[in-house]
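Notes to accompany the following structure.
The chains referred to below are lettered A, B, ... by the order of the sequence lines, with proteins before strands, and numbering in each begins at 1.
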2 protein chains.
Amino acid sequence: MKKSTIKDISILAQVNPSTVSRALNNHPDISNDLKNKIKKIAEDLNYVPNKLAANFRSNSTKTIALIIPEFTMFFFPSVIKGINKVVTKMNYQLMVFHSNDESDIESNHIKACIDNRVSGIIISLSSTSKDLNHIDKAIRFGIPVIFFDKAPSMNGYNTVKINDINAAYKAIKFLKEAQITRIAGIFGHPNISITKDRITGFHKAVLEYKMEAIGICHPTSWQNIYDLTTDYLKQGVEGIFCMSDEILSAVTPAVAKYKEKNATNVKIICISDGQLPYFYNEEVNFIHHDGEWVGIRAAEMLFERLQDENSRSTKMHIIETPLKTNQQSS
Amino acid sequence: MKKSTIKDISILAQVNPSTVSRALNNHPDISNDLKNKIKKIAEDLNYVPNKLAANFRSNSTKTIALIIPEFTMFFFPSVIKGINKVVTKMNYQLMVFHSNDESDIESNHIKACIDNRVSGIIISLSSTSKDLNHIDKAIRFGIPVIFFDKAPSMNGYNTVKINDINAAYKAIKFLKEAQITRIAGIFGHPNISITKDRITGFHKAVLEYKMEAIGICHPTSWQNIYDLTTDYLKQGVEGIFCMSDEILSAVTPAVAKYKEKNATNVKIICISDGQLPYFYNEEVNFIHHDGEWVGIRAAEMLFERLQDENSRSTKMHIIETPLKTNQQSS
DNA sequence: CTGTTAGCGCCTTCAC
DNA sequence: GTGAAGGCGCTAACAG
């Protein structure tokens with residue numbers, strides 16, 4: 001199908017191309033009659049404005065890039081949903097990249113973002129990212145960057161996250177208040193910042209409340225989590241802290257299974273997006289790490305940055321993490 | 001930061017801009033000395049090729065659009081993952097839109113895709129889409145469109161899907177072979193094609209195997225599914241068919257709960273992406289509807305279309321759906 | 001109110 | 001091998 005241009009319309013309408021452009025863009029200078037006439041012709045020609053040309057001219061794309069380390073069913077779908085809400089409302093488009101948790105791929109994506117002149121970048125770092133050179137490059141290029149979840153440990157970057165130390169601390173505090181002392185903690189990859197912080201909070205609470213941490217571990221697979229959980233249960237653990245939904249997905253069935261044969265009233269507490277806990281009959285208490293809300297706030301922060309470009313200050317936004325449980329009040 | 005252009009480089013290198021362009025693109029006509037000199041200058045200037053200009057000139061974007069009806073933790077994350085694998089390998093970029101299951105939004109997204117000259121579209125229709133005018137428009141514009149999962153019922157469109165009728169049929173056949181006769185089926189929204197087809201397959205098997213379908217339903221919420229399941233269990237159902245992971249997520253806990261108090265060896269069979277069943281101790285048998293593979297095949301089909309543009313034929317690719325179970329063989 | 005002109009950055013002819 | 005020139009489609013600035 002031959003794509004018609006403003007020029008084609010201008011010839012048929014016997015006016016100048018710029019007049020057509022103005023009419024199509026509802027410029028107030030153009031008379032309504034002419035506007036209607038031109039729009040009619042455009043319609044007849046199946047005219048579709050060439051946004052590539054417009055983007056080129058304006059040197060902007062109204063596109064937001066999201067870079068995440070992985071596509072799992074946990075957390076990130078909620079984040080994408082949140083970001084999408086804001087981005088759509090602002091009439092921008094969302095481009096999703098995933099780094100497969102490899103810093104090289106992440107760098108390439110950032111490079112592609114710069115090449116494509118994306119308006120802004122929202123990113124959760126891969127666990128293998130050592131430096132932030134690629135990020136700094138984008139920022140120097142004038143592209144605002146917002147971090148969420150896995151963020152740089154130093155200041156000077158726009159960030160939306162929860163207080164990971166505090167979240168873990170609150171989780172353990174909950175166990176304490178349930179009169180529990182023998183606990184175990186199950187964590188994710190030891191390299192990433194959120195794991196470190198959650199461990200810190202865990203230890204802090206354990207010390208402060210004089211609890212007995214019978215073990216902390218970094219399992220490598222679902223089965224591994226399941227087995228480790230069973231071990232802890234055999235050791236008479238009374239409370240298990242899961243740092244994520246991914247871990248919870250293996251801990252809960254292990255607990256349920258153990259309960260079939262053994263008497264235990266072990267309590268599970270988790271940092272969770274708030275969906276998975278409701279998939280179980282087991283009582284799962286969780287610190288709500290609301291992915292959708294994180295996404296919304298990150299996107300909003302990005303658009304704030306887009307608004308006043310010259311602002312060189314950076315912000316750190318901390319998301320609240322209320323304590324919840326999946327047990328119905330009824 | 002001032003963005004440097006080919007022209008800037010050409011001035012410093014004392015050559016013509018076109019020479020710079022050629023050197024940067026490794027054109028064989030340019031001597032190696034000059035190439036190196038020019039590349040060095042480009043490097044020094046932090047030159048970043050303006051892809052907007054390049055896109056504009058080539059009138060293409062190397063971007064694939066994905067349009068899905070919703071962002072849930074079920075199925076779609078796997079599909080995105082699969083698509084992304086192929087798209088990344090081909091050096092394209094992925095743009096994700098979601099329609100919130102509203103046909104108007106879907107149309108707008110398609111329009112945006114046309115405006116932005118995306119190279120291709122992969123889409124799962126919203127349940128409210130009545131006609132395909134918006135799709136046809138994109139196709140007429142020369143943009144290849146691949147459907148997956150929720151696809152048009154008529155021929156003439158490129159589609160990657162499972163045989164929904166057959167998948168449901170196989171599920172019920174499995175129950176039959178387990179000597180079960182009293183069954184129930186729990187389905188999603190009655191409007192969408194995959195629900196209709198799965199119901200068809202369900203009924204076909206029930207008739208053929210002379211089973212007793214004590215009920216089929218279209219619940220509206222997690223709790224609703226849970227309660228309905230409990231009802232069926234009380235009525236002495238022996239097998240429950242869940243048409244999706246979303247439904248499974250409520251059925252399984254209901255079954256587990258019921259088993260605590262009542263003797264039953266009800267069998268669960270599901271059409272599943274293959275992740276959720278492993279989150280339970282209950283035996284969950286499933287017809288594997290592999291989202292990642294669907295995504296890969298859809299993307300591959302799209303690139304085939306991109307290869308030979310003049311091909312006006314359309315393809316229907318049926319994904320295999322093997323029977324599996326979450327119970328370890330050990 | 002509408003026309004004229006010019007240029008965004010790149011690449012591809014066509015010359016030499 | 002390299003230079004010169006032109007144009008992709010759109011829009012803003014400047015005229016009238």
What's the [atom1]-[atom2] distance between [X] and [N], to the nearest Å?
X	N	atom1	atom2	result
B/Lys7	D/dA5	NZ	P	14 Å
A/Ile9	D/dC10	CD1	C1'	12 Å
B/Lys37	D/dT2	NZ	C1'	13 Å
A/Ile6	D/dG7	CD1	P	18 Å
A/Leu45	D/dG9	CG	P	14 Å
A/Asn16	D/dG9	CG	C1'	14 Å
A/Arg22	D/dC14	CZ	P	13 Å
B/Gln14	D/dG1	CD	C1'	17 Å

Rounded to the nearest 0.5 angstrom, the NZ-CZ distance for A/Lys161 and A/Arg297 is 15.5 Å
The reported gap from CD1 in A/Ile67 to CD1 in A/Ile135 (rounded to nearest 0.5 angstrom) is 6.5 Å
Hey, are [Y] and [X] close enough side-chain-wise for a donor-acceptor pair under 3.5 Å?
X	Y	result
A/Ser18	A/Asn16	yes
A/Asn100	B/Lys85	no
A/Asp101	A/Ser127	yes

Taking the side chain as C-beta and beyond, is there a heavy-atom pair between [X] and [Y] under 4.5 Å?
X	Y	answer
A/His98	B/Leu94	no
B/Leu306	B/Tyr92	yes
B/Phe74	A/Pro77	no
A/Phe303	A/Ile64	yes

Bend of the helix from C/dC1-D/dG16 to C/dC16-D/dG1 from end-axis comparison, five pairs per end, nearest 10°, comes to 40°
* Does D/dC8 have OP1 or OP2 sitting under 4.0 Å from an N or O in the side chain of A/Asn50? -> no
- Message: On the nucleotide D/dT2, are OP1 or OP2 found under 4.0 Å from the side-chain N or O atoms that B/Thr19 carries?
- Response: no
NA contact type, [X], heavy-atom cut-off 4.0 Å: base, sugar-phosphate, or nothing?
X	result
A/Asn59	nothing
B/Leu52	nothing
B/Ser18	base
A/Ser21	base
A/Pro49	sugar-phosphate

Note: chain B reaches DNA chain C at heavy-atom distances under 4.0 Å over the stretch, first to last nt, 5' to 3', of C/dG9 to C/dT13
Hits for side-chain hydrogen bond (donor to acceptor under 3.5 Å, both in side chains) against B/Asp104, two or more places apart or cross-chain, chain-then-number order -> none
Of the candidates D/dA12, D/dC10, D/dG3, the side chain of B/Val15 sits closest to D/dG3
Of D/dC10, D/dG3, D/dT2, the nucleotide closest to the side chain of B/Asp29 is D/dT2
Of B/His27 and B/Phe56, the one whose nearest nucleotide on DNA chain D sits closer to the 5' end is B/His27
